[in-house]
Amino acid sequence: YAWLSDALPEVRNTTGATITMLDDLYVLSTLEITDAEDLTLDLNGKVLDCVKSCDALSITGSTVTINDSSAEKTGAITCVSGSSAVVLNSGSLTVNGGTFGDSTGIDALGGTLTVNGGTIYGGSQGIFIDGGAQVIVNGGTIHGRTDANTGKGFNVKDGTLTINDGIIGNDKGSYML
C-alpha cells in the first residue's frame, strides 16, 4: 500500500499482519486500528505525525506491537500540542521501540500497555492511565518534555502501573507520579 491509511482497514479482522512504514506520513485526522489481532507496526525510522489537533493513532479491540527496525532508531509517532501520539482504548499495545509524544505520549484508557523500549514523553505526562488500564514498564525512557521542562512520567487516574525497569522521570527530577 502506498498509504498507511489504506493499509489499516485491510488488517481489520486479520491475524499476524505486519505494516512497515516506507516514508514519513503527515495526517489530518486520527488513524484508527480496530479489531486487528497480532498486528505489528514497524516505524522503520519514519515519522507518523498528526499535524492537526488530533491524536495520531487510536487502538481499539486490537493486539498491536510497535517496533522501530531502523538502525538509527528514529521512528516516531507525534502530534500537535494538546493531543496524544497514541490512544489505547481497549486491547493491548506493546511498545518495543520508537519515540512517542507531545502533550501526552500515550493515553492508556483501557486494556494493557507494555513498554519494553523506546521513548515516551509529554508536556503533561509521558503516559496517562485511566479506565482501569494496566501499564507494565520493562524498559525504555518515559518523561516530561525536555524542550519545555514540563510534565511528568506518569499520570495515574484509574488503573495499575508496574515498573520493572526503564528510565522514568520528569525534567526537574522531582517526581514521577
Side-chain angles (χ1 to χ4, degrees), residues 1 3-25 27 30-50 55-79 83-102 104-122 126-143 153-154 159-168:
Y1 297 93
W3 301 100
L4 180 60
S5 57
D6 292 337
L8 289 177
E10 295 299 318
V11 298
R12 189 173 190 165
N13 299 317
T14 64
T15 301
T18 298
I19 297 174
T20 302
M21 289 184 59
L22 302 177
D23 207 347
D24 293 342
L25 178 62
V27 297
T30 304
L31 291 177
E32 297 184 15
I33 298 175
T34 57
D35 302 323
E37 289 294 324
D38 297 322
L39 171 67
T40 298
L41 174 60
D42 182 358
L43 299 174
N44 191 33
K46 308 304 180 200
V47 175
L48 168 60
D49 185 18
C50 189
D55 305 317
L57 184 65
S58 174
I59 300 167
T60 304
S62 300
T63 304
V64 178
T65 300
I66 299 177
N67 298 325
D68 181 10
S69 65
S70 69
E72 302 82 14
K73 303 299 179 204
T74 53
I77 300 178
T78 58
C79 57
S83 301
S84 300
V86 177
V87 176
L88 174 63
N89 295 300
S90 62
S92 67
L93 170 62
T94 301
V95 174
N96 294 322
T99 298
F100 306 82
D102 204 286
T104 298
I106 298 177
D107 277 333
L109 305 179
T112 302
L113 168 64
T114 303
V115 179
N116 297 320
T119 298
I120 303 168
Y121 68 91
I127 299 176
F128 177 68
I129 304 168
D130 198 6
Q134 178 182 9
V135 176
I136 304 161
V137 179
N138 297 318
T141 301
I142 302 165
H143 60 83
F154 299 93
T160 60
L161 171 63
T162 304
I163 301 172
N164 297 315
D165 201 357
I167 300 169
I168 315 295

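Every residue two or more places apart in sequence or in another chain that forms a side chain to side chain donor-acceptor pair (under 3.5 Å) with N164 is listed here: N138. With sequence neighbours excluded, the residues that form a side chain to side chain contact (heavy atoms under 4.5 Å, CB included) with T60 are T34, S58, N89, S90. Qualifying side chain to side chain donor-acceptor pair (under 3.5 Å) partners for D55, counting only residues two or more places apart in sequence or in other chains: none. Every residue two or more places apart in sequence or in another chain that forms a side chain to side chain contact (heavy atoms under 4.5 Å, CB included) with C79 is listed here: C50, S83, D102. Here T63 pairs with E37, D38, S92 under the side chain to side chain contact (heavy atoms under 4.5 Å, CB included) rule; sequence neighbours left out. With sequence neighbours left out, S69 forms a side chain to side chain contact (heavy atoms under 4.5 Å, CB included) with D42, N44.
Tested against L41 for a side chain to side chain contact (heavy atoms under 4.5 Å, CB included), the candidates I19, T20, V86 yield a single pass: I19. Screening T65, T114, N67, T40 against N96 for a side-chain hydrogen bond (donor to acceptor under 3.5 Å, both in side chains) leaves a single residue, N67.
Annotation: the span from L43 atom CG to I66 atom CD1 amounts to 6.0 Å, rounded to 0.5 Å. Between the CD1 atom in I168 and the CG atom in L161 there is a gap of 8.0 Å [rounded to 0.5 Å]. Atom CZ of F154 is separated from atom CD1 of I142 by 3.5 Å, given to the nearest 0.5 angstrom. Here T78 contributes atom OG1 and L48 contributes atom CG; the two are 7.0 Å apart, rounded to the nearest 0.5 Å. A distance of 6.0 Å separates CG in L88 from CD1 in I59, rounded to the nearest 0.5 Å.
Put simply, the side chain of L31 reaches to within 4.5 Å of the side chain of L25, judged on heavy atoms. When side chains are defined from C-beta on, V95 counts as touching L113, because their heavy atoms get closer than 4.5 Å. T99 is listed as a side-chain neighbour of Y121, based on a closest heavy-atom distance under 4.5 Å.
Annotation for A133 and G110: closest pair CB-N, 3.6 Å, computed over non-hydrogen atoms. The two residues G75 and S70 make their nearest non-hydrogen contact at N-OG, 4.4 Å. Taking both residues in full, the closest heavy atoms of M21 and K46 are given as O-CG, 3.7 Å, listed atom of the first, atom of the second, then distance. I77 and A85 make their closest contact through O-CB, 3.2 Å (heavy atoms, listed as atom of the first residue, atom of the second, distance). Looking at every heavy atom in both residues, G45 comes nearest to D68 through N-OD1, 2.8 Å. Taking all atoms of both residues into account, the shortest heavy-atom contact from D107 to S84 is OD2-OG, 2.6 Å.
Looking only at distances, a side-chain donor or acceptor of D24 sits under 3.5 Å from a matching main-chain atom of V47. Not one N or O on the side chain of T104 forms a donor-acceptor pair closer than 3.5 Å with the backbone of I127.
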